[in-house]
Amino acid sequence: MDIEDLAARIEAGERRALARAITLVESGRADHRAQATALMERLRGQGRGREGLRIGLSGTPGVGKSTFIEAFGMMLTGQGLKVAVLAVDPSSARSGGSILGDKTRMERLSRDRNAFIRPSPAQSQLGGVARRTREAIGLCEAAGFDVILIETVGVGQSETMVAEMSDLFLLLLAPAGGDELQGVKRGIMESADIILINKADGDLKATATRTCADYAGALRLLRKRPQDPDGFPKALTVSALEEAGLEAAWQEMQALTGWRREAGQFAARRAEQARHWFEAEVREGLLSRLRQEPVRGAMEALASRVESGEIVPARAADEILRTYLPAFAGKGT
Ligand SMILES: Nc1nc2c(ncn2[C@@H]2O[C@H](COP(=O)(O)OP(=O)(O)O)[C@@H](O)[C@H]2O)c(=O)[nH]1
Ligand SMILES: [Mg+2]
């Protein structure tokens, strides 16, 4: 594969090249990994490269994520912005994903020339998903997308992962009774920048308004974060179906982003994320090498000797580390 040619096509905004590059970063093959890394490096250029606004969006199935993305995305492209949508769905490995349902819900957006939608591929390891998604974000930015929406279902650690790769994190919730409030994990509440109570229409409108007030109250009780101006995090009502409140929500997102840029929080957060992902890559790399030869075989052989009591576990581990991480020989653990 000609990396230089692919990079030039991505920078020219060619969607097919972008799609191909995302397929490349999704691959687990060693030669593909090397090409993907070279591509990311090339696109980054001398500085940080082109920058888009990375918006993470989380919510349980049925809350209206796809409907929201369609309406919100169409509003943004209507304002002349280019919008990319990436999905992170940890369940897609099993279920085949909700791609079919999403394609029909995002029908208009998927036909929009200024939008790019990439469904979540099947992959079981969250570490792999994280890297792939981060690189896909970088590719979309290089292709000139202004807004990158990263969607995830509220399952397991995927929310935290998406929050850690976004500039803004939105939590989409449905109108509900008061006891529902406790259903949202504290950690997720704490990483939300804006909570959107969707389905604020028809019979559900009054409930949505009440739910919104409940969450606004809950947010005020959280510890003040350095990355927030007064009034944030914030809870708002929207109706993705009736396309109501979307412009107001976008203005809040821009106000928050603008403040963070001026306060240096935007760049600081990205820098911290880059550091975080670098460390994660090192950890992942070490762990994957443990699963490969020759370490794997050496561990197997030692494990048998540990089982029979011939050698104590700590000594056996020390032997592995000394042999395969010789830089740390004698340093202990
Ligand atoms: N009343 C109402 N229904 C909505 C709204 N947004 C989504 N829905 C409905 O909720 C259901 C789930 O929506 P979907 O976008 O697929 O949710 P997702 O699973 O989070 O992607 C669908 O039947 C939508 O029509 C809304 O703003 N108001
Ligand atoms: Mg959906």
Side-chain angles (χ1 to χ4, degrees), residues 55-78 83-112 115-123 129 133 136 147-156 158-163 166 168-177 180 183-185 188-189 192 194-215 235-250 252-253:
I55 304 177
L57 175 73
S58 172
T60 49
V63 73
K65 293 181 299 298
S66 302
T67 312
F68 175 83
I69 290 170
E70 160 101 338
F72 186 66
M74 289 301 293
M75 183 192 81
L76 296 180
T77 59
V83 179
V85 181
L86 304 173
V88 176
D89 182 359
S91 65
S92 69
R94 272 166 286 135
S95 65
S98 48
I99 296 154
L100 272 180
D102 279 350
K103 276 277 168 190
T104 53
R105 294 244 155 74
M106 299 194 223
E107 202 188 338
R108 283 185 301 150
L109 193 63
S110 60
R111 278 189 276 111
D112 192 317
F116 176 86
I117 301 178
R118 181 76 174 194
S120 151
Q123 185 153 346
V129 176
T133 310
V147 176
I148 296 103
L149 286 164
I150 311 128
E151 179 205 331
T152 188
V153 290
V155 174
S158 68
E159 288 178 309
T160 311
M161 188 195 95
V162 169
S166 344
L168 273 181
F169 187 63
L170 310 180
L171 182 59
L172 206 60
L173 297 174
E180 198 80 359
V184 178
K185 281 165 273 144
I188 293 311
M189 279 278 280
I194 298 177
I195 290 182
L196 298 172
I197 314 297
N198 190 33
K199 309 195 183 185
D201 51 48
D203 293 345
L204 290 169
K205 192 160 186 174
T207 318
T209 306
R210 220 166 32 239
T211 307
C212 184
D214 287 348
Y215 277 97
L236 304 165
T237 57
V238 293
S239 166
L241 202 64
E242 295 186 348
E243 303 181 16
L246 303 182
E247 181 59 47
W250 175 231
E252 295 289 359
M253 292 178 220

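Both counts, for ligands and for their atoms, begin at 1 and track the order of listing. Heads up: numbering here begins at 1 and tracks the sequence. Model, not experiment: these values are computed from the prediction.
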*asked:* Is it the case that ligand 1 has an N or O less than 3.5 angstrom from some N or O of F68?
replied: no
*Passing candidate, side chain to side chain contact (heavy atoms under 4.5 Å, CB included) with P175, options T207, N198, T209*: T207
*asked:* Test your reading of the structure: does P61 have an N or O sitting under 3.5 Å from an N or O of ligand 1?
replied: no
_Are any of the N/O atoms on E151, whether in the backbone or the side chain, positioned under 3.5 angstrom from an N/O atom of ligand 1?_
no
*Gap between atom OG1 of T77 and atom CZ of R108 - 0.5 Å precision*: 9.0 Å
_Any nitrogen or oxygen of G62, side chain or backbone, less than 3.5 Å from one on ligand 1?_
yes
*Counting only N and O atoms by type, is there a donor-acceptor contact under 3.5 Å from the side chain of T211 to the main-chain atoms of A174?*
no
_Under 3.5 Å between any N/O of L204 and any N/O of ligand 1: does that happen in this structure?_
no
_Please compare L172, D201, T67 and report which has the shortest non-hydrogen distance to atom 13 (O) of ligand 1._
T67
*Looking at T60, which atoms of ligand 1 are within less than 4.0 Å of one of its heavy atoms?*
20 (O)
*Looking at the Mg ion (ligand 2), is one of the N, O or S atoms of S66 less than 2.8 Å from it?*
yes
*Is it the side chain (CB and beyond), the backbone, both or neither of L241 that lies under 4.0 Å from ligand 1, heavy atoms counted?*
both
*Does S166 reach the main-chain N or O of F169 with its side chain, forming a donor-acceptor pair under 3.5 Å?*
no
*For ligand 1, which atoms, with element, lie under 4.0 Å from some heavy atom of K65?*
15 (O), 17 (O), 18 (P), 19 (O), 20 (O), 21 (O)
*Indicate yes or no for a side-chain donor-acceptor contact from K65 to the backbone of S58 under 3.5 Å, with no hydrogens or angles considered.*
no
*To the nearest 0.5 Å, tell me how far L172 CG sits from L57 CG.*
5.5 Å
*Do the side chain of T152 and the main chain of V88 share a donor and acceptor less than 3.5 angstrom apart?*
yes
